[in-house]
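The shown structure was predicted, so the numbers you read here are calculated from the model rather than taken from an experiment. Just so we're on the same page: letters track the sequence lines, and every chain starts at 1.
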2 protein chains.
Amino acid sequence: MLGEYLREQRERLKVNDKSYSLRQVAQRVGIKPTYLSKIEREELPPPSEATIKKLSQELDLDADILLAMAGKVSADLREIICKRPQLFAELIRQLKEVPDQAVLRVVREVTDGNW
Amino acid sequence: MLGEYLREQRERLKVNDKSYSLRQVAQRVGIKPTYLSKIEREELPPPSEATIKKLSQELDLDADILLAMAGKVSADLREIICKRPQLFAELIRQLKEVPDQAVLRVVREVTDGNW
DNA sequence: AATAGTGTGTAGTATATACTACACACATGC
DNA sequence: GCATGTGTGTAGTATATACTACACACTATT
């Protein structure tokens with residue numbers, strides 16, 4: 001899933017900009033081309049959180065989505081949850097089956113500062 | 001933090017029940033006494049999620065709290081987040097600075113099925 | 001036809017994670 | 001006073017994580 005998604009996006013960008021070759025992207029991201037090749041073809045498991053974040057920047061993709069495809073949760077979110085574990089555990093489990101729109105309404109209520 | 005907390009709770013339970021010795025608890029949890037000893041004294045980093053969950057059951061503690069002390073987020077929560085990463089990422093980041101009471105109100109609104 | 005650039009196959013490595021094994025000293029109960 | 005139970009110190013191990021190194025074939029460029 002993640003690998004395919006990365007490759008698709010990279011090839012898309014490559015059409016208009018030759019600098020999105022596997023080798024050049026790998027270099028800019030700070031990994032070896034062989035490794036990126038394996039990641040894209042899903043021959044190896046997804047890379048570390050740090051590498052995924054660099055890839056998201058490089059390929060203009062959402063880091064949270066990429067991390068999710070790798071089954072990971074961003075360190076900053078983990079930290080927020082770990083500071084109030086019971087509170088967030090309850091909240092997240094409650095929202096498991098709640099449709100996106102309803103959750104978004106909740107988000108906005110909070111954003112609008114009703115508290 | 002986690003180790004000390006586990007030891008305190010175990011010793012508390014041991015007062016009324018000799019079967020809460022380090023050795024016996026370790027055996028029931030499925031790890032070796034030496035390992036539990038090191039965990040409690042924080043000589044080694046926290047154990048795996050699976051072991052933490054068994055300890056939480058054995059010592060009647062909240063798993064989410066123990067996991068948080070280990071800097072981890074429960075696999076079931078991770079799964080929920082990873083299914084809708086952008087949605088939950090936004091929600092959690094929004095709620096970072098929101099006081100407990102306001103978050104709880106939100107939880108209850110949802111629980112009450114306003115959607 | 002030589003050079004540079006593309007991606008890939010096979011193999012190996014460093015570090016972290018999650019523990020176990022064995023031996024010891026101290027205390028407690030019978 | 002000897003067995004049994006308590007926790008601990010030192011050392012070692014298996015598996016997973018996160019990569020690298022090197023060599024190769026193919027394509028495009030000059």
Side-chain angles (χ1 to χ4, degrees), chain A residues 2-56 58-59 63 66-75 78 82, chain B residues 2-56 58-59 63 66-75 78 82:
Chain A
L2 173 64
E4 200 188 327
Y5 188 64
L6 290 173
R7 171 148 295 189
E8 270 170 23
Q9 175 69 357
R10 187 175 59 75
E11 307 240 278
R12 219 184 325 263
L13 294 170
K14 201 171 122 188
V15 174
N16 298 315
D17 188 340
K18 299 254 185 186
S19 84
Y20 284 93
S21 77
L22 190 146
R23 278 160 190 269
Q24 292 197 47
V25 169
Q27 192 180 5
R28 288 198 295 271
V29 165
I31 58 176
K32 299 295 157 181
T34 40
Y35 188 41
L36 181 54
S37 170
K38 284 171 235 290
I39 289 169
E40 285 188 353
R41 286 171 302 119
E42 285 160 29
E43 193 190 312
L44 285 182
S48 68
E49 179 174 338
T51 297
I52 290 177
K53 286 191 170 163
K54 283 185 211 150
L55 281 167
S56 78
E58 183 57 35
L59 300 177
L66 295 189
L67 286 167
M69 285 174 169
K72 301 181 195 226
V73 170
S74 186
R78 251 184 355 249
C82 286
Chain B
L2 173 64
E4 199 187 327
Y5 187 62
L6 290 172
R7 170 147 296 188
E8 270 170 23
Q9 175 69 356
R10 186 175 61 76
E11 308 241 276
R12 220 184 325 263
L13 293 169
K14 201 171 125 189
V15 174
N16 297 315
D17 187 341
K18 300 255 186 186
S19 83
Y20 284 93
S21 77
L22 189 147
R23 276 157 191 270
Q24 291 197 48
V25 168
Q27 192 179 6
R28 289 197 295 271
V29 164
I31 58 176
K32 300 295 156 183
T34 39
Y35 188 40
L36 182 53
S37 170
K38 283 169 236 293
I39 290 168
E40 286 188 353
R41 286 172 302 119
E42 285 158 30
E43 193 190 313
L44 286 182
S48 68
E49 179 174 337
T51 297
I52 290 177
K53 285 190 172 164
K54 283 185 211 148
L55 280 167
S56 78
E58 182 58 34
L59 299 177
L66 296 189
L67 286 168
M69 285 175 168
K72 300 179 197 229
V73 170
S74 186
R78 237 164 29 227
C82 286

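- Rounding to the nearest 0.5 Å gives a distance of 4.5 Å between CD1 of B:Ile39 and CD1 of B:Ile31.
- For DNA chain D, the outermost nucleotides in 5' to 3' order that have an atom under 4.0 Å from a heavy atom of chain A are D:dA18 to D:dC22.
- Between atom NZ of residue B:Lys53 and atom CG of residue B:Leu66 there is a gap of 11.0 Å, rounded to the nearest 0.5 Å.
- Shown for residues 41-51 of chain A: residues whose heavy atoms fall under 4.0 angstrom of DNA chain D, namely A:Leu44, A:Pro47, A:Ser48, A:Thr51.
- Here CD of B:Gln27 is found 9.0 Å from OG of B:Ser21. Values are rounded to the nearest 0.5 Å.
- Not a single donor-acceptor pair under 3.5 Å links the side chain of B:Arg7 to the backbone N or O of B:Arg41.
- Annotation: B:Glu4, atom CD; neighbour count of heavy atoms from other residues, nucleotides and ligands within 6.0 Å does not exceed 12.
- Of the residues in residues 16-30 of chain B, those with a non-hydrogen atom less than 4.0 angstrom from any atom of DNA chain D are B:Ser21, B:Leu22, B:Arg23, B:Gln24.
- Atom CZ of B:Arg23 is separated from atom OG1 of B:Thr34 by 9.0 Å, given to the nearest 0.5 angstrom.
- For the atom pair NZ of A:Lys32 and CG of A:Leu22, the computed distance is 13.0 Å after rounding to the nearest 0.5 Å.
- A distance of 8.5 Å separates CG in A:Leu59 from CZ in A:Arg28, rounded to the nearest 0.5 Å.
- Of the possible polar contacts, one joining the B:Arg10 side chain to the B:Tyr20 backbone as a donor-acceptor pair under 3.5 Å is found.
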> Run the salt bridge (Lys or Arg N to Asp or Glu O under 4.0 Å) check on A:Lys72 and A:Glu49 step by step: do they pass?
Replying inline: CA-CA 8 Å; A:Lys72 301 181 195 226; A:Glu49 179 174 338; over 6 Å; no
